[in-house]
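Since the structure comes first, as structure tokens, the remarks are kept for the end.
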Number of protein chains: 2
Amino acid sequence: MSKCEQCIVREFSSLKALNKDELIKMANCKTSYIIKKGEPIFEEGESVNGIFCIKDGICKLSKLSANGKDQIVKLVKPGELLGQRSMISDEPANLSAVALEDMEVCFIPKSEVLGFFNNNNQFSMNMMKSICGDLKEADDHMVSMAQKTVKERLAETLLYLEDTFGKNEDGSLHIQLSREELAGMIGTATESCIRLLSEFNKSGLIDLTGKKIVILDKNKLKRMAE
Amino acid sequence: MSKCEQCIVREFSSLKALNKDELIKMANCKTSYIIKKGEPIFEEGESVNGIFCIKDGICKLSKLSANGKDQIVKLVKPGELLGQRSMISDEPANLSAVALEDMEVCFIPKSEVLGFFNNNNQFSMNMMKSICGDLKEADDHMVSMAQKTVKERLAETLLYLEDTFGKNEDGSLHIQLSREELAGMIGTATESCIRLLSEFNKSGLIDLTGKKIVILDKNKLKRMAE
DNA sequence: TTTAAAATATGATATTTGTCATACTTTAAT
DNA sequence: ATTAAAGTATGACAAATATCATATTTTAAA
């Protein structure tokens with residue numbers, strides 16, 4: 001069992017407010033998991049009785065809509081927490097969390113987290129701020145979905161993916177999404193997504209080589225995203 | 001200066017966790033306002049150094065999109081709080097709050113609220129739960145925007161308006177939105193909204209008399225909204 | 001009350017986007 | 001290595017939605 005003190009999640013999440021004793025307590029009650037690419041961490045409707053710390057790997061938070069399509073609401077990266085909303089509201093998960101890469105996560109049971117809430121105001125405050133950040137993102141995302149065209153949203157999303165998850169040595173987006181998943185992020189049909197990618201490719205905005213996507217003209221994409 | 005003890009906001013919001021002493025302290029530092037229909041409580045980009053308690057009247061939270069349209073993100077009704085997100089994140093408001101009816105609101109300064117956070121865990125917990133509720137709503141709303149057609153969203157919204165704000169004696173929706181505002185809620189062009197309302201009217205789903213909207217066939221609307 | 005402005009309504013049309021069909025390519029299983 | 005399945009790509013077409021024009025109605029101001 002590793003100590004939580006050096007963990008990336010401790011460094012970047014609300015957990016940074018925990019002191020040594022609290023970290024030791026947490027280390028003693030945590031459970032570590034390896035999640036393979038494609039596997040769920042939890043699914044819509046399940047109870048989540050604690051929070052997950054993302055040590056490594058990226059996952060998607062998505063929701064199945066009435067028409068059978070999977071809408072990706074958010075991507076979560078190492079250093080972040082997962083499951084807070086559901087745990088705090090004491091409700092089943094509203095979204096499914098599925099690994100986009102092999103992942104390492106730790107689970108901290110609810111009782112432990114509630115203890116921190118009661119004894120560490122800074123931790124509570126951090127958590128509140130973090131959820132407020134999620135809320136702002138969600139509101140902005142909503143306005144984007146409602147007011148922008150599919151083309152604008154694709155441009156916006158490609159830029160977001162490069163900025164948030166970086167690129168490989170060859171300049172291609174580090175994060176690997178299938179066309180279907182990319183379509184699920186921007187909220188459109190897979191074919192429409194593919195068609196627009198081809199269009200961006202032909203007009204020199206991006207380069208497509210197999211699954212790899214390289215952003216060639218960032219400024220033009222930015223203008224396109226508005 | 002009225003005591004906060006009997007206030008509807010105290011009854012229905014996170015404030016229900018406050019004890020007598022805290023209520024008295026709050027009553028002593030609050031400021032009351034009357035906001036006329038159409039006037040803003042705060043606007044996108046402004047700093048909000050506290051929270052607003054909605055004693056009476058309904059307001060819209062909206063965001064101006066790049067194409068100049070005002071997207072309504074949420075409606076807020078008596079008993080609810082306003083401005084928490086911005087206050088907690090210590091960021092300018094992400095949304096504008098504008099009165100849809102004449103309103104009565106009270107403002108509680110940030111210093112006071114932070115004091116409650118530090119001394120009253122139940123209040124913090126309530127606030128966290130409330131923001132988590134907002135986040136769930138926003139996520140669901142986002143999926144709706146991304147995956148549903150305008151017709152489905154209009155049906156959904158009309159039902160929401162009746163369920164949330166009730167109806168007058170003549171059966172018409174109590175809340176009065178202009179066509180432009182309704183379009184801003186469902187995320188479409190005003191003309192498209194008007195056209196669909198006419199269509200719903202002709203097919204007997206609703207009745208339109210001037211500005212008044214009466215829902216005639218709730219079940220059919222529900223099925224249409226999916 | 002009269003009049004101008006704003007809101008509502010509707011038609012015509014263009015644009016965007018989704019759906020279905022099909023072909024090609026890559027991936028993974030036998 | 002071969003083959004089936006999944007993923008990617010593209011065309012043809014239909015449906016949904018936006019835009020522009022204009023008429024009508026309502027609201028509010030002089």
Side-chain angles (χ1 to χ4, degrees), chain A residues 36-38 65-71 98 100 144-158 172-173 175-203 206-214 224-226, chain B residues 36-39 65-71 100-101 144-158 172-173 176-203 206-214 224-226:
Chain A
K36 291 264 179 216
K37 178 175 176 171
S65 69
N67 58 38
K69 283 184 191 159
D70 211 40
Q71 175 70 32
V98 174
L100 291 175
S144 205
M145 288 296 176
Q147 299 288 351
K148 290 189 173 177
T149 64
V150 174
K151 194 184 284 190
E152 289 165 344
R153 278 180 271 150
L154 175 58
E156 190 178 44
T157 302
L158 291 173
S172 64
L173 296 186
I175 190 175
Q176 288 267 8
L177 295 173
S178 68
R179 300 294 191 254
E180 192 179 0
E181 284 168 330
L182 189 53
M185 279 200 75
I186 66 182
T188 189
T190 307
E191 296 96 321
S192 299
C193 175
I194 289 172
R195 224 180 289 274
L196 284 173
L197 281 173
S198 292
E199 195 186 310
F200 283 11
N201 188 26
K202 273 167 200 151
S203 60
I206 63 175
D207 177 73
L208 293 177
T209 313
K211 258 184 146 60
K212 292 201 172 293
I213 301 177
V214 180
M224 182 173 275
E226 232 110 322
Chain B
K36 291 264 179 215
K37 177 175 178 172
E39 286 178 359
S65 70
N67 59 38
K69 283 185 193 161
D70 210 41
Q71 175 69 31
L100 292 175
E101 309 172 340
S144 204
M145 287 297 175
Q147 299 286 351
K148 290 190 174 176
T149 64
V150 174
K151 194 184 285 192
E152 288 165 344
R153 278 181 272 149
L154 175 58
E156 191 178 45
T157 301
L158 291 174
S172 64
L173 296 186
Q176 287 267 9
L177 296 172
S178 70
R179 299 295 192 253
E180 193 178 0
E181 284 168 330
L182 190 53
M185 279 199 75
I186 67 182
T188 190
T190 307
E191 297 95 320
S192 298
C193 175
I194 289 174
R195 224 179 289 274
L196 283 173
L197 280 174
S198 292
E199 196 186 309
F200 283 12
N201 187 24
K202 273 169 200 149
S203 58
I206 63 175
D207 178 74
L208 294 177
T209 313
K211 256 185 147 63
K212 294 199 172 291
I213 301 177
V214 180
M224 180 174 276
E226 232 112 322

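Each chain gets a letter, A, B and so on, in the order the sequences are listed, and its residues count up from 1.
- Rounded to the nearest 0.5 Å, atoms OG1 (B:T190) and CD (B:E181) are 10.0 Å apart.
- For the OP1/OP2 pair of C:dT16 and a distance below 4.0 Å, the side-chain nitrogens and oxygens of A:S192 include no atom meeting the criterion.
- Interface remark: the B:R195 side chain does form a donor-acceptor pair with the C:dG11 base, using a distance-only criterion of under 3.5 Å.
- Note on B:T190: nothing from the nucleic acid sits closer than 4.0 angstrom, heavy atoms only.
- Across the protein-nucleic acid pair, A:E180 atom CD and D:dA9 atom C1' stand 15 Å apart, rounded to whole Å.
- In this structure, B:K69 reaches the D:dT19 phosphate: one of its side-chain N or O atoms is under 4.0 Å from OP1 or OP2.
- For the pair B:V214/B:I206, no side-chain contact is recorded, criterion being any heavy-atom separation below 4.5 Å from C-beta on.
- The side-chain heavy atoms of B:T157 and B:L182, taken from C-beta on, include a pair separated by under 4.5 Å.
- Atom-to-atom, CG of B:D70 to P of C:dA7 comes out at 13 Å; the value is rounded to the nearest Å.
- Minimum interatomic distance between B:N201 and B:D207 (heavy atoms only, all atoms of both residues): OD1-CA, 3.7 Å.
- For the OP1/OP2 pair of D:dG7 and a distance below 4.0 Å, the side-chain nitrogens and oxygens of A:K211 include no atom meeting the criterion.
- Legend: residues meeting salt bridge (Lys or Arg N to Asp or Glu O under 4.0 Å) with B:E152, ordered by chain and number and at least two apart, are absent.
- Interface residues of residues 144-158 of chain A facing DNA chain C, ordered by number: A:T149, A:V150; criterion, heavy-atom separation under 4.0 Å.
- With D:dG11, C:dC20, D:dT19 as the choices, the nucleotide that has an atom nearest any side-chain atom of A:E191 turns out to be C:dC20.
- Nucleotide D:dC20 holds its P atom 12 Å from the CG atom of B:N67, rounded to whole Å.
- Regarding B:I194, its CD1 atom lies at a distance of 13 Å from the C1' atom of C:dG11, rounded to whole Å.
- B:K202 places its NZ atom 11 Å from the C1' atom of C:dG11, with the value rounded to the nearest Å.
- When the C1' atom of C:dA9 is taken as reference, atom CD of B:E199 falls 14 Å away, rounded to whole Å.
- The distance from atom CG of B:L197 to atom C1' of C:dT10 is 13 Å, rounded to the nearest whole Å.
- For the pair A:G210 and A:A189, both in contact range of DNA chain C, the more 5′-proximal nearest nucleotide belongs to A:A189.
- Applying the 4.0 Å criterion to OP1 and OP2 of C:dA9, one finds that B:R179 has a side-chain N or O inside that range.
- The side-chain heavy atoms of A:Q147 and A:E226, taken from C-beta on, include no pair separated by under 4.5 Å.
- Residues A:I194 and A:E191 fail the side-chain proximity criterion, which asks for heavy atoms closer than 4.5 Å.
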